[in-house]
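All residue numbers in this chain count up from 1 along the given sequence.
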Amino acid sequence: ESIMKRNGKADIILFNPPWIPGDTSSWLDKAVYDPDQHLLRQFLLQVQHYVKEDDGEVYLILSNLGMLLGLFHERDLYAMFDEGNLELVDVHSTATALESNNNAERMPNSRSVQTKKKMKTKKKKKMQNNNTGFENVRAKERISLYRLCVRR
């Protein structure tokens, strides 16, 4: 018997799905890849039955990497919210560690940071020469927390 059936509906449900649409070849891949967004879609279609309708909240943590790679579109995500009878309350986004580090380099606040910046700039230029398209996309990656509620 599931916890939900014993205790009723949840106040809050948090879901951090696999975030890249694509096929899996191993069990480890299933932590990152979600073929045709099947798991994400199933969750969004069914979660309304497990969260309190009046004041329950659903939180979805999702990287935009699949969107940046052109494998998935934000409009598809919003369409899944609609299909699941979910209303988007708000979204909070943050840069990944790579983007945060790049932003920190642009905002030096002391001489030692500026010295480190010069060293990092040389290293960064060398790395840019070796960058692949995927690494460039990863530099734009953002992680978002979507707060949803059941539409009344």
Side-chain angles (χ1 to χ4, degrees), residues 1-107 117 120-121 123-152:
E1 183 178 37
S2 78
I3 294 172
M4 297 307 299
K5 286 184 180 178
R6 279 185 273 141
N7 297 326
K9 294 188 176 190
D11 294 319
I12 296 173
I13 296 177
L14 173 67
F15 186 51
N16 183 9
W19 42 271
I20 298 180
D23 294 325
T24 60
S25 58
S26 71
W27 281 100
L28 184 59
D29 287 347
K30 290 184 180 192
V32 178
Y33 294 96
D34 183 13
D36 301 317
Q37 285 84 35
H38 179 74
L39 185 61
L40 176 61
R41 183 176 305 282
Q42 288 303 108
F43 172 81
L44 292 173
L45 292 177
Q46 295 177 19
V47 71
Q48 67 178 316
H49 304 293
Y50 298 99
V51 67
K52 290 182 179 177
E53 290 178 27
D54 294 334
D55 59 353
E57 295 179 320
V58 177
Y59 290 88
L60 174 67
I61 300 171
L62 197 60
S63 164
N64 70 339
L65 188 57
M67 294 177 207
L68 291 171
L69 293 171
L71 303 172
F72 182 54
H73 299 282
E74 193 168 30
R75 68 180 174 270
D76 298 330
L77 180 64
Y78 290 114
M80 285 187 232
F81 295 163
D82 286 340
E83 289 175 48
N85 196 36
L86 299 170
E87 181 179 330
L88 179 63
V89 176
D90 58 26
V91 180
H92 296 277
S93 296
T94 186
T96 61
L98 180 58
E99 186 176 327
S100 295
N101 287 341
N102 288 342
N103 288 338
E105 287 178 8
R106 286 185 226 128
M107 299 171 25
K117 179 184 174 187
K120 286 183 180 181
T121 302
K123 189 175 182 180
K124 185 178 174 183
K125 285 181 182 178
K126 187 175 182 179
M127 286 175 57
Q128 285 175 341
N129 293 335
N130 297 328
N131 265 354
T132 65
F134 182 72
E135 289 169 337
N136 290 330
V137 170
R138 286 295 307 257
K140 298 174 187 172
E141 183 182 17
R142 299 186 68 72
I143 306 298
S144 296
L145 176 66
Y146 296 84
R147 183 167 61 121
L148 308 157
C149 66
V150 176
R151 201 176 285 131
R152 296 181 189 167

>> Applying side chain to side chain contact (heavy atoms under 4.5 Å, CB included) to Val51 and Ile12, what does each step give before you reach the verdict?
In response: CA-CA 7 Å; Val51 67; Ile12 296 173; over 6 Å; no
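- The closest donor-acceptor contact from the side chain of Asp34 to the backbone of Leu40 lies under 3.5 Å.
- Looking at Tyr146 and Val58, their side chains never come closer than 4.5 Å, going by heavy atoms from C-beta outward.
- The shortest distance between side-chain heavy atoms of Gln37 and Phe72 falls below 4.5 Å.
- A salt bridge between Glu53 and Lys9 is present, with a side-chain N of the basic residue lying under 4.0 Å from a carboxylate O of the acidic one.
- Interatomic distance, Ile13 CD1 to Gln48 CD, rounded to the nearest 0.5 Å: 11.0 Å.
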>> Go through it in stages, so that I can follow the logic: the residues are Leu45 and Glu83, the test is side chain to side chain contact (heavy atoms under 4.5 Å, CB included), and I'd like the CA-CA distance, side-chain angles, deciding distance and then a yes or no.
In response: CA-CA 6 Å; Leu45 292 177; Glu83 289 175 48; 3.5 Å; yes
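- Asp90 is linked by a salt bridge (Lys or Arg N to Asp or Glu O under 4.0 Å) to Arg147, counting only residues two or more places apart in sequence or in another chain.
- Between the side chain of Asn64 and the backbone N or O of Arg142, at least one donor-acceptor pair lies under 3.5 Å.
- Between Arg151 and Asp82, at least one side-chain N (NZ, or NE/NH1/NH2) sits under 4.0 Å from a carboxylate O, which counts as a salt bridge.
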> Taking it one step at a time, do Leu145 and Leu60 satisfy side chain to side chain contact (heavy atoms under 4.5 Å, CB included)?
Replying inline: CA-CA 6 Å; Leu145 176 66; Leu60 174 67; over 6 Å; no
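- Classification of Glu57 and Lys52 as a salt-bridged pair fails, no side-chain N sitting under 4.0 Å from a carboxylate O.
- Asp11 places no side-chain N or O within donor-acceptor distance of the main-chain N or O of Gly56, the cut-off being under 3.5 Å.
- With contacts defined as side-chain heavy-atom distances shorter than 4.5 Å, the pair Val150/Tyr50 does not qualify.
- Under a 3.5 Å cut-off, the side chain of Arg41 and the backbone N or O of Met80 do not form any donor-acceptor pair.
- Side-chain contact between Cys149 and Leu86 is absent, with no heavy atoms from C-beta onward closer than 4.5 Å.
- Residues Val89 and Leu148 have side chains not in contact (no heavy-atom distance under 4.5 Å, counting atoms from C-beta outward).
- Residue Lys140 holds its NZ atom at 15.5 Å from CE of Met67, rounded to the nearest 0.5 Å.
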>> Checking Ile143 against Glu141 for the side chain to side chain contact (heavy atoms under 4.5 Å, CB included) test, could you report, in this order, the C-alpha distance in whole Å, the side-chain angles of both residues, the deciding distance, and whether it holds?
In response: CA-CA 7 Å; Ile143 306 298; Glu141 183 182 17; 3.9 Å; yes
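- In this structure, Val47 and Phe15 have side chains that are not in contact, with every pair of non-hydrogen atoms separated by 4.5 Å or more.
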